[in-house]
Amino acid sequence: MTQTMQVMNELLERIAVALEAAAQPPISEGFFDYGQKVYCNLTKGNGEGWYVLNEGNAITRKPIFRGRVVGLRFPTVERRGKAVVKFHLFMRAEGETTTFEAGRDCFFSKTVLSALAQTSPDVLSRPLQMAAYPKELRTGDRTLAVSLRDSAGNKLACDWTNDDDWEAITGLAFENVRAAVVG
């Protein structure tokens, strides 16, 4: 291949990447009125999967959600008169941001944080798929588990133990998500 053709191919590749990036929908930054809030807890809901509240009634949502991760947060909220720390995962799909809420230390949160910490910002900048399912633990309890896949359908690594360094894992997850969103 001649040097001129090699330069042209490199330029065409850069143009293709720029066009692909320009075609992606813009992601709003900052805080705004988030759309639907999905609760990721079996025992507090109806025991069937993640759910939304409608006039105090738990309504199970479909077990698969596809969208882009746009943020993470650990807000302190009031539940039953007590201040508790929750995990919020913000994902955007079809122009609406959905907040997935779970306990800071629950199975769902640890699995998502572990996956986000182990996945490159490049992969996180594209849509992900989350599939929720009830899981029976060795203790006999049931919890809401989650499986994450990238835009090509590959399962994301998300192995963890309770003894892992959760401060470091959370820091990596925040870094990767921030890099994916900022681009």
Side-chain angles (χ1 to χ4, degrees), residues 24-25 27-28 34-54 57-75 77 79 84-162 164 166 169-181:
Q24 292 184 7
I27 297 174
S28 300
Y34 294 106
Q36 177 180 41
K37 185 182 286 185
V38 177
Y39 297 92
C40 305
N41 184 319
L42 285 180
T43 58
K44 301 275 189 301
N46 53 17
E48 296 174 15
W50 49 29
Y51 63 95
V52 295
L53 290 177
N54 185 1
N57 297 314
I59 301 169
T60 303
R61 304 303 298 161
K62 293 179 180 178
I64 296 177
F65 180 89
R66 289 184 187 96
R68 295 177 189 275
V69 176
V70 294
L72 303 173
R73 199 166 54 148
F74 286 95
V77 299
R79 294 291 190 270
V84 295
V85 177
K86 293 293 186 179
F87 169 65
H88 281 183
L89 169 67
F90 303 114
M91 293 188 72
R92 193 158 182 80
E94 297 183 3
E96 183 176 310
T97 301
T98 300
T99 304
F100 292 88
E101 180 178 280
R104 173 183 60 186
D105 296 322
C106 78
F107 196 94
F108 176 90
S109 301
K110 288 182 174 182
T111 302
V112 171
L113 286 168
S114 178
L116 297 176
Q118 296 179 63
T119 305
S120 74
D122 181 53
V123 171
L124 295 179
S125 70
R126 295 185 291 260
L128 299 180
Q129 174 179 295
M130 286 197 314
Y133 58 96
K135 177 181 177 111
E136 188 153 335
L137 302 174
R138 284 180 271 170
T139 61
D141 294 331
R142 290 182 56 195
T143 190
L144 185 70
V146 65
S147 171
L148 291 104
R149 296 187 178 273
D150 66 17
S151 61
N154 301 306
K155 187 174 181 188
L156 300 183
C158 60
D159 298 329
W160 58 271
T161 68
N162 284 323
D164 288 340
W166 286 101
I169 290 169
T170 300
L172 281 171
F174 270 98
E175 279 181 39
N176 288 344
V177 168
R178 187 175 355 94
V181 171

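Note that these values count all heavy atoms, side chains included, but never hydrogens, waters or copies made by symmetry. We number each residue from 1, following the sequence as shown.
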Rounded to the nearest 0.5 Å, how far does [atom2] of [Y] lie from [atom1] of [X]?
| X | Y | atom1 | atom2 | answer |
| --- | --- | --- | --- | --- |
| Phe65 | Met91 | CZ | CE | 5.5 Å |
| Ser109 | Arg104 | OG | CZ | 10.0 Å |
| Phe108 | Phe100 | CZ | CZ | 6.5 Å |
| His88 | Thr98 | NE2 | OG1 | 12.5 Å |
| Thr97 | Arg92 | OG1 | CZ | 4.0 Å |
| Leu124 | Arg68 | CG | CZ | 11.5 Å |

Taking the side chain as every heavy atom from C-beta outward, state whether [X] and [Y] have any pair of such atoms under 4.5 Å apart.
| X | Y | answer |
| --- | --- | --- |
| Asn154 | Val123 | no |
| Ser125 | Asp122 | yes |
| Ile64 | Gln129 | yes |
| Met130 | Leu128 | no |
| Pro127 | Arg66 | no |

Between the side chain of Asn176 and the main-chain N/O of Ser120, is any donor-acceptor distance below 3.5 Å?
->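 Pair absent, no side-chain N/O of Asn176 close to backbone of Ser120.
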Partner residues of Asn57 under the side-chain contact (heavy atoms from CB on, under 4.5 Å) criterion, sequence neighbours left out = none
Under the criterion side-chain contact (heavy atoms from CB on, under 4.5 Å), which of Leu72, Thr99, Val146, Val70 is the partner of Leu89?
-> Leu72
Please step through side chain to side chain contact (heavy atoms under 4.5 Å, CB included) for the pair Thr119 and Leu148, ending with a clear verdict.
-> CA-CA 11 Å; Thr119 305; Leu148 291 104; over 6 Å; no
Minimum heavy-atom separation for [X] to [Y], with atom names?
| X | Y | answer |
| --- | --- | --- |
| Pro121 | Ala180 | O-CB, 3.3 Å |
| Glu136 | Gly140 | OE2-O, 4.0 Å |
| Arg142 | Pro134 | NH2-CB, 2.9 Å |

CA sep, side-chain torsions, deciding dist, call: Trp160, Thr111, side chain to side chain contact (heavy atoms under 4.5 Å, CB included) | CA-CA 7 Å; Trp160 58 271; Thr111 302; 3.0 Å; yes
CA sep, side-chain torsions, deciding dist, call: Leu113, Phe87, side chain to side chain contact (heavy atoms under 4.5 Å, CB included) = CA-CA 10 Å; Leu113 286 168; Phe87 169 65; 3.7 Å; yes
Which of parallel (below 30°), tilted (30 to 60°) and perpendicular (above 60°) describes Phe174 and Phe74?
-> tilted
Might you work through the side chain to side chain contact (heavy atoms under 4.5 Å, CB included) test for Ile169 and Lys110, ending with a clear yes or no?
-> CA-CA 9 Å; Ile169 290 169; Lys110 288 182 174 182; over 6 Å; no
